[in-house]
Amino acid sequence: MKEPFDRMREECGVFGIYNHADVSRLTYLGLHQLQHRGQESAGIVTSDTKRFYSHLGMGLVSDVFNQSVLDRLRGRHSIGHVRYGTAGMSLLVNAQPIVVATAWGPLALAHNGNLTNAQILRQRLEKEGSIFQTSADSETILHLIAKSDAKTFVAAMKDAFSQVEGAYSIGILTPKALYAVRDPWGVRPLHIGRLNGSFVLASETCAFEIIGGRLVREVNPGEIVCLDDQGIRSVEKLPSSGRAQCIFEFIYFSRPDSQIFGKSVYQVRRELGRQLAREAPVRADIVVAVPDSANCAAVGYSEQSGIPFEIGLIRSHYVGRTFIEPKQAIRDFGARMKYSVVPEAIRGKRVILVDDSIVRGTTSRKLIRMLRQAGAREIHIKISSPPIVGPCFYGIDTPRDKELIAFRLKTDRIKEYLRADSLTYLSLGGMLKATGLPPRDFCTACFTNMYPIPVPAHGTMK
Ligand code: AMP
């Protein structure tokens, strides 16, 4: 029986090093910095130029690896991966990097993104005799590379990537080289860095900082870059007809200490908050962020409005995926495990609560109830992005249409559902302006339902 593609769990982070004596430990540290991009599984594959060494496991980077495991990962080159997941379909078989033996030699692949035509390609490949080991879309790429009759490995990669559609930022390790590949739209970030005589690739630049590396440049949309003894070389270019960088990387997903798409996430988020204050002023006493993802936007809102920023909510970073619920039901238990209110900051105050996004409305509704219980006099919700009306097919874990509250309800009805005194979203134009980059360079499909890369059964073009 064919396994379904588990397309709802595709958020990921990629990290790799070419030529370092302490390759496994540095890769571990790099993945640790990218942990926010995926918590389901983690994996590292290393090469000593003759063979690969690999270790993959379910859970956080710090749970999957220890000293003795890292000691066993020999060589000077690596590729690593963290993968996002929710309960249910978490399978070790889908952990990455995926390792395969091909006529080109062994290959290890780590993918961030989501392919939109993987199912069609997989059906064709299976008819032709390919045997898939995983239910992940990423494996399709390896089959296409393995089957290519191109003369060189780079030509085989070009052949394979010319057939896949969708979002991919990928690292491929061969015994003697590390390749970085980014889809022609540049949907997900991918960067190349340097650490003395070593080369590094990472989804986000925050992963370079921890190992003492520095950013060299982005991988350009459609570019295949080779990191090997000859240095950093652009070896192929897939035709690209424009960028479609994921705006949600700025809104929520990437870390504020990273640079993506050539901009500081921190600065863009702060500007999103400033823009929100310009568009949606309201009389209030304090600005409170939903930590941590809305911190920068809330600081920007406070700065622009002149209303003081207050730490009114504390986020616990220690909520495991399984926690023990008390026998007697506690209202909003899940939210209370994650967030707690600082009553002294809130009591008697007119609160502006800034969050980066509303998906189902669960978080805001619960936080509003908790803030009211703590004595907030008014609560004005300010969202530093427009209403989310469509799912992501390019690698962010958003639910389907019907579960998105803004797909079902108009803003004033959402306000009623949340029991807020007011609710305002940032405008689409305001969000794009805050990036300081050309608006046409972004995918905004989750806010507009305009999908730049065709999606089966969705299909709208930008
Ligand atoms: P909800 O409670 O369903 O409305 O989700 C909104 C909250 O989840 C906000 O506080 C966001 O910071 C956060 N969020 C937004 N997108 C995602 C995502 N793809 N994965 C996990 N959390 C998210």
Side-chain angles (χ1 to χ4, degrees), residues 6-13 34-40 82-87 112-114 167 187-188 203 246-256 265 269 272-273 276 288-298 301 312-317 319 321 332-341 353-371 379 381-409 411 413-415 417-420 423 425-426 431 443-447:
D6 46 352
R7 61 153 57 246
M8 294 310 286
R9 302 181 295 114
E10 303 294 342
E11 294 171 346
C12 300
L34 299 175
Q35 188 76 82
H36 61 287
R37 297 187 73 88
Q39 300 96 43
E40 175 190 89
V82 286
R83 186 166 197 266
Y84 175 80
T86 52
N112 170 210
N114 189 46
V187 179
R188 302 271 146 240
S203 298
C246 170
I247 192 89
F248 212 67
E249 292 274 352
F250 277 135
I251 304 291
Y252 167 79
F253 201 39
S254 291
R255 262 174 51 156
V265 176
R269 264 185 212 164
L272 288 165
L276 188 57
V288 171
V290 177
D292 296 319
S293 50
N295 287 351
C296 307
Y301 192 103
L313 287 169
I314 305 293
R315 178 175 167 189
S316 168
H317 292 267
V319 191
R321 231 178 288 145
D332 305 330
F333 180 72
R336 281 174 202 276
M337 286 291 289
K338 194 165 169 189
Y339 302 105
S340 41
V341 180
L353 183 65
V354 180
D355 203 353
D356 58 273
S357 57
I358 296 180
V359 182
R360 296 180 175 88
T362 325
T363 308
S364 317
R365 189 175 148 101
K366 289 180 175 174
L367 287 179
I368 288 170
R369 190 152 54 206
M370 286 162 62
L371 289 168
I379 302 169
I381 305 285
K382 304 284 180 197
I383 304 296
S384 63
S385 64
I388 298 182
V389 292
C392 179
F393 296 96
Y394 312 134
I396 295 275
D397 179 44
T398 39
R400 293 302 152 107
D401 295 344
K402 289 188 184 63
E403 288 174 59
L404 298 166
I405 192 164
F407 177 81
R408 292 187 287 110
L409 303 177
T411 302
R413 295 292 310 282
I414 301 174
K415 184 206 94 173
Y417 171 78
L418 300 179
R419 303 207 176 105
L423 164 65
Y425 289 94
L426 184 60
M431 172 183 71
C443 171
T444 56
C446 53
F447 303 119

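Residues take their numbers from the sequence shown, with the count starting at 1. One-based numbering, in listed order, for ligands and for the atoms of each. Model, not experiment: these values are computed from the prediction.
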So does R419 have more than 12 non-hydrogen atoms from other groups sitting under 6.0 Å from CZ? no
Record the part of D355 in heavy-atom contact with ligand 1 below 4.0 Å; permitted values are side chain, backbone, both and neither. side chain
Quick look: S357 vs ligand 1, heavy-atom contacts under 4.0 Å, and the answer is both
With rounding to the nearest 0.5 angstrom, report the [atom1] to [atom2] distance, [X] to [Y].
X	Y	atom1	atom2	answer
L371	I379	CG	CD1	4.5 Å
I368	K415	CD1	NZ	10.5 Å
L313	D292	CG	CG	11.0 Å
E249	S203	CD	OG	8.0 Å
S357	I251	OG	CD1	8.0 Å

I396 versus ligand 1: do any nitrogen or oxygen atoms come within less than 3.5 Å of each other? no
Testing the basics here: between L276 and Y425, what is the closest heavy-atom pair and its distance to 0.1 Å? CD1-C, 4.1 Å
Closest heavy-atom pair and its distance - I388, V359: CD1-CG2, 4.1 Å
What protein heavy atom lies closest to [atom]? Include the residue and the distance to one decimal.
atom	result
atom 22 (N) of ligand 1	Y252 OH, 2.9 Å
atom 19 (N) of ligand 1	D397 O, 3.1 Å
atom 2 (O) of ligand 1	T363 OG1, 2.4 Å

Is there a heavy atom of [X] sitting under 4.0 angstrom from any atom of ligand 1?
X	value
S364	no
T398	no
F248	yes

Out of all atoms in ligand 1, which are within 4.0 Å of some heavy atom of [X]? Include the element for each.
X	answer
E11	19 (N)
G361	1 (P), 3 (O), 4 (O)
S293	12 (O)

Relative to atom 12 (O) of ligand 1, which among I358, L367, D356 owns the nearest non-hydrogen atom? D356
Checking heavy-atom distances from atom 1 (P) of ligand 1 to each of R365, R360, H36, the winner is R360
Do R188 and Y394 form a cation-pi contact, if we require the NZ or CZ to be under 6.0 Å from the six-membered ring centre and within 45 degrees of the ring's axis? no
